[in-house]
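Here the structure is a predicted model, which means the values were calculated and not measured.
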Amino acid sequence: MQQTAFTYAVIVLAVVAANAPFVSQRWAIVGPRLTRKSFGLRLLELIAAYLMVGAVALYFEHTMGQIAAQAWEFYAVTATLFITLAFPGFVFRYLLKHRG
């Protein structure tokens, strides 16, 4: 049961963290509110969020037992999945027309 809870927690955290840079106008969700955030800054926040979710997942894996060694393919696939999870936030920020 604990492994299933950790898995769902990482998935939910990944979805929230991937979309947060595009939904929030604040620096790193909790920082000062910016009048205009550039795409580069949002991309930097996305990379930081990916590393944060990876650290949480690594901690959960360590809690459950031995950490499995991963090759570069694992990180390429998880980074691509994280970018895919960020798509709804990207659509909200750049493709939808906002009133006002």
Side-chain angles (χ1 to χ4, degrees):
M1 181 63 184
Q2 184 180 11
Q3 182 177 0
T4 304
F6 283 160
T7 302
Y8 284 126
V10 169
I11 291 171
V12 168
L13 179 64
V15 170
V16 170
N19 287 295
F22 298 105
V23 175
S24 174
Q25 279 297 105
R26 295 185 177 274
W27 166 247
I29 308 293
V30 295
R33 185 172 173 82
L34 304 173
T35 55
R36 179 162 161 77
K37 260 191 345 186
S38 67
F39 181 74
L41 188 58
R42 292 183 196 279
L43 189 62
L44 184 65
E45 285 182 344
L46 189 68
I47 292 168
Y50 170 72
L51 294 174
M52 181 199 63
V53 171
V56 169
L58 192 65
Y59 171 74
F60 285 164
E61 187 177 9
H62 178 70
T63 301
M64 288 186 292
Q66 185 176 359
I67 296 175
Q70 303 295 342
W72 68 270
E73 295 93 344
F74 172 79
Y75 298 105
V77 169
T78 56
T80 306
L81 178 62
F82 198 76
I83 291 170
T84 303
L85 291 174
F87 185 70
F90 178 83
V91 168
F92 173 77
R93 176 60 53 201
Y94 293 109
L95 301 180
L96 289 179
K97 293 187 179 189
H98 299 282
R99 297 177 190 233

*Counting distance only, does the side-chain N/O of T78 pair as donor-acceptor with the main-chain N or O of F74 below 3.5 Å?*
yes
*Can you check whether T4 reaches Y8 side chain to side chain, under 4.5 Å on heavy atoms?*
yes
*Got Q2 and T63 here, is their nearest side-chain heavy-atom distance under 4.5 Å?*
yes
Treat each ILVMFWY residue as a node, draw an edge where side-chain heavy atoms are under 4.5 Å apart, and state whether [X] and [Y] are in one component.
X	Y	answer
V12	L81	no
F82	F6	yes
V10	Y59	yes
F87	F92	yes
Y75	L51	yes

*Under 4.5 Å between side-chain heavy atoms, chaining through other members, with only Ile, Leu, Val, Met, Phe, Trp and Tyr counted: pull out the rest of the cluster around W27, sorted by chain and number.*
L34, L41, L44
*Is E73 atom CD crowded by more than 12 heavy atoms from other residues, nucleotides or ligands, each under 6.0 Å away?*
yes
*asked:* Suppose we screen for side chain to side chain donor-acceptor pair (under 3.5 Å). Which residues come up paired with T7, at least two apart in sequence or across chains?
replied: none
*asked:* So, using side chain to side chain donor-acceptor pair (under 3.5 Å) as the criterion, who are the partners of R42 when residues are at least two apart?
replied: Q25, Y94
Minimum-distance pair of heavy atoms, taken over all atoms of [X] and [Y]:
X	Y	value
L13	M52	CD1-CE, 4.3 Å
A17	A49	O-CB, 3.6 Å
N19	A86	OD1-O, 3.5 Å
R26	E45	O-OE2, 3.5 Å

*Classify the angle between the aromatic ring planes of F90 and F22 as parallel (below 30°), tilted (30 to 60°) or perpendicular (above 60°).*
perpendicular
*asked:* Rounded at 0.5 Å granularity, tell me how far OH in Y50 sits from CG in L85.
replied: 11.5 Å
